[in-house]
Amino acid sequence: MNSRSYLQIRRIIGVFTTRSFTTMSTRPFALERQFAVSAVRRACALTSSVFNKLVKNETLTKGDKSPVTVGDYAAQGLISIMLKNSFPADPIVGEEDAGELRADEGKVLRERIIDLANEALVAPRVEGDKAEWGIGPGQTKTTDELLDAIDRGNYDGGRTGRMWTIDPIDGTKGFLRGEQYAVCLSLLVDAQVQLGIIGCPNLPLDLSNPDGERGCIFVAVRGQGCQQIPLSGASETTLSMPTFTPSSLTFLESVEAMHSSHSTSDIISSIIGITRPPIRMDSQAKYGCLARGDGGLYLRMPTNAGYREKIWDHAPGCLLVEEAGGIVTDSRGLPLDFGVGRTLGENYGVVAAGKEVHAVVLDAVQQATGVKAKA
Ligand SMILES: Nc1ncnc2c1ncn2[C@@H]1O[C@H](COP(=O)(O)O)[C@@H](OP(=O)(O)O)[C@H]1O
Ligand SMILES: [Mg+2]
Ligand SMILES: [Mg+2]
Ligand SMILES: [Mg+2]
């Protein structure tokens, strides 16, 4: 063997050794998880600061009559800009679009949103942040760049490939009341949620101690469990749903009766024999609470036949619960399908519960709603 071919073989062996070592030492989606924690933490700081300074005319009412604030737009813009720097080929299914902001009447709001997003982009990097994600001193954007970033969330979704979902403020009504809301991000690959993360700035770390520290991040990567991280720090606790018996369940549901039928949940809970009052809470914070054992059941029962649930409202939370040992289905008992498009398709509600009680709950849901089980 001449010295040139020897060197070539060494180089090939070297590449293989380095590749397999990297694969072995890096957990799947490790970079995406680090990115997501960083992006959600930054967006939570933005939304908290907005709440403290929010004034009346900084909220719009969208075509479907739901509210959207400068915080929703600025947080979606921030996360989208970070995604463009970090994973430029990945499309985004985001809740908001910049249509109203581009019109002349949107000028004042537009200026406020660009200020908020730039303030968040240039905030100093903390441990875990990477400069190449487009954050840190000097990383400001123009108004057009920000509006385009918000509109990058217009992807139609679908069954194949990678895509991110962003719900920059989930539970906007809770946010406006100063109650619970969540910054929500997920990564789907071929319609399966691989990474789910929600940041809940107002949620107590321990629900039984409402005056204690507030601010939680819940994060899960498929196959790697579900963790809670205080918004103020880096220590992680792995969550696992405790075992409930049907009659010892407390159930979680929306504050808004228009989003989930309280009366149907009442019927279901009396069939199961639940005696405790429900915990009513806005946003996907409910999924995080369920994952850590604050109640053993989350019910979301349709209120009007025409409403389609949005994938950004469920993708992250669904993975949190599954990774903490729970089961999430619709009222037919089928898994939520994130490959239909921007919505989950026809609305059969959501039944999320610990694995010991899910079958009993599903049976009660079907008795109450008349929906038939489907294999
Ligand atoms: N009729 C309806 N049925 C179910 N969900 C609805 C609804 N109208 C609005 N929503 C969704 O409910 C979400 C809030 O959920 P919750 O009630 O659990 O807090 C809203 O998210 P946004 O606040 O991000 O718009 C919105 O997408
Ligand atoms: Mg909304
Ligand atoms: Mg939402
Ligand atoms: Mg929202």
Side-chain angles (χ1 to χ4, degrees), residues 39-40 43-44 46-48 50-51 54 58-80 92-101 109 113 116-117 149-155 157 164-186 188 193 196-203 218 252-260 280-290 298 300 302-304 307-321 328 336 338 341-344 347 349-350 352:
V40 164
C44 285
L46 184 159
T47 54
S48 301
V50 170
F51 180 75
L54 198 70
E58 289 184 341
T59 303
L60 291 178
T61 303
K62 297 201 278 190
D64 63 1
K65 309 265 188 302
S66 66
V68 56
T69 73
V70 288
D72 300 62
Y73 288 121
Q76 178 159 321
L78 165 72
I79 297 173
S80 172
I92 302 170
V93 178
E95 180 183 358
E96 311 303 345
D97 74 80
E100 304 237 16
L101 305 176
L109 236 52
I113 291 161
L116 284 166
I150 294 171
D151 279 339
R152 278 194 77 227
N154 283 351
Y155 186 60
W164 293 81
T165 67
I166 307 176
D167 189 343
I169 295 184
D170 179 40
T172 306
K173 289 182 178 168
F175 173 74
L176 288 167
R177 281 189 248 104
E179 296 175 10
Q180 294 309 324
Y181 71 95
V183 174
C184 304
L185 182 63
S186 76
L188 287 94
V193 192
I197 176 160
I198 70 170
C200 308
N202 293 342
L203 187 68
F218 298 96
L252 295 140
E253 68 177 351
S254 292
V255 172
E256 298 291 332
M258 284 304 293
H259 296 177
S260 178
R280 291 199 173 134
M281 185 183 284
D282 300 281
S283 83
Q284 284 177 75
K286 290 188 279 300
Y287 282 112
C289 285
L290 184 65
Y298 165 25
R300 190 176 189 90
T303 55
N304 88 62
Y307 185 77
R308 299 283 180 264
E309 292 283 353
K310 310 300 186 293
I311 62 171
W312 54 79
D313 277 333
H314 299 283
C318 188
L319 187 65
L320 298 179
V321 169
V328 184
L336 306 186
F338 296 104
R342 289 172 68 85
T343 77
L344 292 173
N347 187 358
V350 178

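Numbering of ligands and ligand atoms starts at 1, following listing order. Just so we're clear, the structure is a prediction, and the values are computed from it rather than from any experiment. All heavy atoms count here, side chains included; hydrogens, waters and symmetry mates do not.
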- Message: Can you list everything that forms a side chain to side chain donor-acceptor pair (under 3.5 Å) with N347? Sequence neighbours excluded, please.
- Response: none
- Message: Please enumerate all residues that pass side chain to side chain donor-acceptor pair (under 3.5 Å) together with S48, with sequence neighbours excluded.
- Response: none
- Note on the structure: With a cut-off of 2.8 Å, strictly less than, protein N/O/S atoms near the Mg ion (ligand 2) add up to 1
- Restricting to N, O or S atoms of D313, which is nearest to the Mg ion (ligand 3)? OD1
- Does a donor on one side chain sit under 3.5 Å from an acceptor on the other, for H314 and Y287? yes
- Message: Under a 4.0 Å threshold between the charged nitrogen and the carboxylate oxygen, would E256 count as salt-bridged to R177?
- Response: yes
- Query: So, K62 and E96, do they make that salt bridge, N to O below 4.0 Å?
  - Reply: yes
- For D97, what residues pass the salt bridge (charged side-chain N to carboxylate O under 4.0 Å, His left out) criterion, not counting sequence neighbours? none
